[in-house]
Amino acid sequence: QVQLVESGGGLVQAGDSLRLSCATSGRTSRWYGMGWFRQAPGQEREFVAAISWNGGVTSYADSVKGRFTISRDNAKNTVYLQMNSLKSADTAVYYCAADRSGALTTNQRFYDYWGQGTQVTVSS
């Protein structure tokens, strides 16, 4: 069983930056594809970014491309989401997820494990 714990959320102003972290447990988690998703109030959960098991391939939602960067440190079993130039539209609960296949996928149906989420609030 893999556990995911997100951290780094908070309240910031538009234009600020935040870095989210997702710590994973389990010896095999370094082989998993990882993704970040978010859910704003009253909206469905949506894809934000994903990274393959070795960090060689990444993918981003159009809404965050050029502003957000996903990365991973397999030695620390941690995945990061660097968020720059934040906008009020980025306000949401951000979730980390793991895909046992190790592949990169933007479809949340293929993720096997999920964290509890961390709140990001951007004031304008």
Side-chain angles (χ1 to χ4, degrees):
Q1 185 71 16
V2 174
Q3 292 185 327
L4 310 177
V5 179
E6 303 98 333
S7 61
L11 172 63
V12 297
Q13 298 207 345
D16 285 351
S17 297
L18 273 179
R19 188 176 80 158
L20 305 183
S21 298
C22 173
T24 67
S25 65
R27 289 177 293 179
T28 59
S29 62
R30 64 184 58 192
W31 306 113
Y32 295 174
M34 300 295 295
W36 286 96
F37 294 80
R38 67 186 182 186
Q39 186 168 22
Q43 298 186 24
E44 294 186 353
R45 189 163 58 189
E46 64 176 4
F47 167 74
V48 175
I51 189 166
S52 60
W53 72 273
N54 64 354
V57 184
T58 58
S59 179
Y60 298 92
D62 288 342
S63 59
V64 306
K65 204 171 291 184
R67 298 188 299 122
F68 290 11
T69 303
I70 188 171
S71 61
R72 66 191 299 162
D73 184 340
N74 284 344
K76 297 181 178 180
N77 291 334
T78 302
V79 178
Y80 305 98
L81 185 68
Q82 177 67 43
M83 306 186 295
N84 298 329
S85 302
L86 283 161
K87 307 174 182 179
S88 56
D90 296 318
T91 295
V93 176
Y94 283 72
Y95 297 92
C96 174
D99 172 13
R100 287 179 298 185
S101 76
L104 182 149
T105 178
T106 63
N107 190 330
Q108 56 186 299
R109 294 188 304 133
F110 294 108
Y111 284 85
D112 303 290
Y113 305 104
W114 292 83
Q116 293 300 307
T118 185
Q119 176 70 47
V120 172
T121 303
V122 184
S123 64
S124 57

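These values consider heavy atoms only, across backbone and side chains, with no hydrogens, waters or symmetry-generated copies.
- Of all the heavy atoms in M34 and A98, the pair that sits closest is SD-CB, 3.5 Å.
- Under the 3.5 Å distance criterion, the side-chain polar atoms of D16 are left unmatched by any main-chain donor or acceptor of V122.
- Distance check, rounded to the nearest 0.5 Å: OG of S7 to OH of Y94 gives 15.0 Å.
- To the nearest 0.5 Å, atom CD1 of residue I70 and atom OG of residue S59 are 9.0 Å apart.
- Closest approach of V64 to V48, counting heavy atoms only: CG2-O, 3.5 Å.
- Sorted by first and then second residue, the disulfide (SG to SG under 2.5 Å) pairs involving residues 33-70 (not counting sequence neighbours) form an empty list.
- Qualifying side-chain hydrogen bond (donor to acceptor under 3.5 Å, both in side chains) partners for Q3, counting only residues two or more places apart in sequence or in other chains: none.
- Taking Ile, Leu, Val, Met, Phe, Trp and Tyr as hydrophobic and joining them when side-chain heavy atoms fall under 4.5 Å apart, one finds F37 in a cluster with F47, V93, Y95, Y111, W114.
- Under the 4.5 Å side-chain heavy-atom criterion for grouping Ile, Leu, Val, Met, Phe, Trp and Tyr, Y60 is connected to L86 within one hydrophobic cluster.
- Judged by distance alone, the side chain of T24 and the main-chain N or O of N77 form a donor-acceptor pair under 3.5 Å.
- Take R67 and apply the salt bridge (charged side-chain N to carboxylate O under 4.0 Å, His left out) test, not counting sequence neighbours, and it matches D90.
- Screening residues 26-75 for disulfide (SG to SG under 2.5 Å), with sequence neighbours left out, gives no hits.
- Put simply, NZ on K65 and OG1 on T58 are 9.5 Å apart, with the number rounded to the nearest 0.5 Å.
- Taking each heavy atom of S21 and T78 in turn, the nearest pair found is CB-CG2, 4.2 Å.
- Listed by first and then second residue, the disulfide (SG to SG under 2.5 Å) pairs involving residues 25-113 are C22-C96 (not counting sequence neighbours).
- Judged by distance alone, the side chain of E46 and the main-chain N or O of R38 form no donor-acceptor pair under 3.5 Å.
- Under the 4.5 Å side-chain heavy-atom criterion for ILVMFWY residues, a single connected hydrophobic cluster contains both L18 and F68.
- Taking D99 as the reference, nothing meets the salt bridge (charged side-chain N to carboxylate O under 4.0 Å, His left out) condition, with sequence neighbours excluded.
- Legend: residues meeting side-chain hydrogen bond (donor to acceptor under 3.5 Å, both in side chains) with N54, ordered by chain and number and at least two apart, are S52.
- In terms of heavy-atom proximity, I51 sits nearest to S71 at CD1-CA, 3.8 Å.
- To the nearest 0.5 Å, the span separating OH on Y113 from CZ on R100 amounts to 4.5 Å.
- Taking both residues in full, the closest heavy atoms of W53 and N74 are given as O-ND2, 3.0 Å, listed atom of the first, atom of the second, then distance.
- The nearest pair of heavy atoms linking A14 to S124 is CB-CA, 4.2 Å.
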Residue pair Q119, T91: steps toward the side-chain contact (heavy atoms from CB on, under 4.5 Å) verdict: CA-CA 8 Å; Q119 176 70 47; T91 295; 4.1 Å; yes
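- Residues that satisfy the salt bridge (charged side-chain N to carboxylate O under 4.0 Å, His left out) test with R19, not counting sequence neighbours, are absent from this structure.
- Partners of T106 according to the side-chain hydrogen bond (donor to acceptor under 3.5 Å, both in side chains) rule, which considers only residues two or more places apart in sequence or in another chain, do not exist here.
- Remark: Q116 CD is loosely packed, at most 12 non-hydrogen atoms of other residues, nucleotides or ligands lying under 6.0 Å away.
- Legend: residues meeting salt bridge (charged side-chain N to carboxylate O under 4.0 Å, His left out) with D73, ordered by chain and number and at least two apart, are absent.
- M83 places a side-chain heavy atom less than 4.5 Å from the side chain of L20.
- Checked against side-chain hydrogen bond (donor to acceptor under 3.5 Å, both in side chains), Y32 has the following partners two or more places apart in sequence or in another chain: T28.
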